[in-house]
Amino acid sequence: MKQTLAITTKVPTFASPLHVGRPNLGDRNALLARITDILDRRWLSNDGPLVKEFEQRIAEYVGVKHCIAMCNATVALEIAIRALDLRGEVIVPSYTFIATAHVLQWQGITPVFADMDPQTHNIDPECIEWLITPHTTGIIGVHVWGRACDTEAIEAVGREHGLKVMYDAAHAFGCSHRGQMIGGFGACEVFSFHATKFLNSFEGGALVTNDDVLTDKSRLMRNFGFAGYDRVIYLGINGKMTEVCAAMGLTSLEGIDELIATNRKNYEAYRKGLADLVGLRVIDYDPEERSNYQYIVVEINPDRAPLNRDELIDVLHAENVLARKYFWPGCHRMEPYRSLQANAPLLLPQTERIADRVLVLPTGMSITCEDIERVCAIIRTAAEHREEVRNALRGR
Ligand SMILES: Cc1ncc(COP(=O)(O)O)c(C=O)c1O
């Protein structure tokens, strides 16, 4: 049975768990009204009116010409990769969710892993240059935590070597880079609207772009290559978003100002609560940019902090705070890449180091400032009672 460390940490534990990525629901009545309309119309999928409205609203919000809504970001990435005709080798960060690598491997393309910039956790453009071979056709940057990667440097490398550049913007809806909304960079960008994401459509994603040709191709590919009744002109797949998902997406979109305000308040509460703890740093969001503050990311330096990342996670889990490691241990250490690219760790020293240090804490609409104060108190008290905590963890 699970044993709490509450006595050791001298802070009351949580009766029910606090989750990372707990979905934010938006206005329930607005959602239910939309679902009733869907049922009345009996138009459940296949480019229905709510999907069209969702696409239009997303494109307007982000300031791009086209939005193609999809069933999830993984399929949207796959379609983007095919529509851009990427093949051979494509350079991606290892420090990302496994989908960024899998969407390539799944299509017989080799993901070549580049190291990160430890300040930003994003792909390091200098490392990209070293990895380019005659087989390289593209680069996929990922805006990790919604903080934009160095698009200027990445695109300069792309131009110099004739490579296509696109972005996995799964974390970055509602965020900006140099004052421009993420969504308009590179050949295209892909958002995720998974239940745990900032904008939620149960499951969902979107490819956004200013490129008309890419849009036409992607729309065809999303619907099996159909160009009209009984006329298939392309290899395609089923990437369509359903009307119910669009209903949730639209409802979620209406609530994002409130969600940003809540996420930001939570972020500031954590920053305050964890300030001046030795060896522990809550990552920054640039106040000059728009951010969704969806991730409370803490980096723990094991050489300075009283407890390392894994010990702290054990403490938090014992107190029902389900903090999570993120992107650990890096794509290159997961299968099939671990077996296929056994030397990759040698090329990824920063990814190896940072992946062992990152911990993500719960935020969103279902956590209160008092909860956050308690989470911070648990961390602070655990740090102050390192030996007792270590003994308690050993005895569990
Ligand atoms: C960086 C990144 N890329 C891609 C995805 C895949 O998104 P989806 O679950 O919508 O397919 C995720 C989801 O967590 C992600 O975090």
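In each ligand, atom 1 is the first atom listed, and ligand 1 is the first ligand listed.
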Under 4.0 Å from a heavy atom of [X]: which atoms of ligand 1 are those, numbered in the order shown and with their elements?
X	result
Gly204	10 (O)
Thr96	1 (C)
Lys197	12 (C), 13 (C), 14 (O), 16 (O)
Ala170	1 (C), 2 (C), 3 (N), 4 (C), 12 (C), 15 (C)

Worksheet entry | Gln341 (side chain) donor-acceptor with Tyr337 (main chain) under 3.5 angstrom |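 The answer is no, because no donor-acceptor pair under 3.5 Å joins these two groups.
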
Discussion item. One pair to check against salt bridge (charged side-chain N to carboxylate O under 4.0 Å, His left out): Arg264 and Glu268. What are the steps and the verdict?
Written reply: CA-CA 6 Å; Arg264 184 170 188 166; Glu268 278 158 9; 3.1 Å; yes

Worksheet entry | Linked, directly or transitively: Val144 and Trp328 (ILVMFWY side chains, under 4.5 Å) |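 No, Val144 and Trp328 fall in different hydrophobic clusters.
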
Worksheet item: Between Val103, Val144, Thr74, which one has a non-hydrogen atom sitting closest to atom 11 (O) of ligand 1?
Response: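 Considering heavy atoms of Val103, Val144, Thr74, the nearest to atom 11 (O) of ligand 1 sits in Thr74.
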
Worksheet item: For ligand 1, is Ala76 a contact, meaning one of its heavy atoms is under 4.0 Å away?
Response: no

Practice prompt. Identify whether the distance between the nearest side-chain nitrogen and carboxylate oxygen of Arg333 and Glu352 falls below 4.0 Å.
Written response: yes

So is [X] polar-close to ligand 1, meaning N/O to N/O under 3.5 Å?
X	answer
Asp168	yes
Ser192	yes
His171	yes

Practice prompt. Could you tell me the residue and atom name of the protein heavy atom closest to atom 5 (C) of ligand 1, and the distance to it rounded to 0.1 Å?
Written response: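 Result: Phe97 CD2, 3.6 Å.
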
Discussion item. Exactly one of Leu277, Val358, Leu307, Leu312 should register a side chain to side chain contact (heavy atoms under 4.5 Å, CB included) with Ile300. Which one does?
Written reply: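 In the set Leu277, Val358, Leu307, Leu312, the residue that makes a side chain to side chain contact (heavy atoms under 4.5 Å, CB included) with Ile300 is Leu312.
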
Fill in: Working for salt bridge (charged side-chain N to carboxylate O under 4.0 Å, His left out), residues Arg147 and Asp284
CA-CA 9 Å; Arg147 301 190 304 178; Asp284 298 319; 5.7 Å; no

Worksheet item: So, His143 versus Phe198, ring centres under 6.0 angstrom or not?
Response: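 No, too far apart.
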
Practice prompt. Have a look at ligand 1 and work out which part of Ala73, if any, has a heavy atom under 4.0 Å from it: side chain, backbone, both or neither.
Written response: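 For Ala73, backbone and side-chain atoms both sit under 4.0 Å from ligand 1.
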
Discussion item. Tell me whether the rings of Phe173 and Phe191 are parallel (<30°), tilted (30 to 60°) or perpendicular (>60°).
Written reply: perpendicular

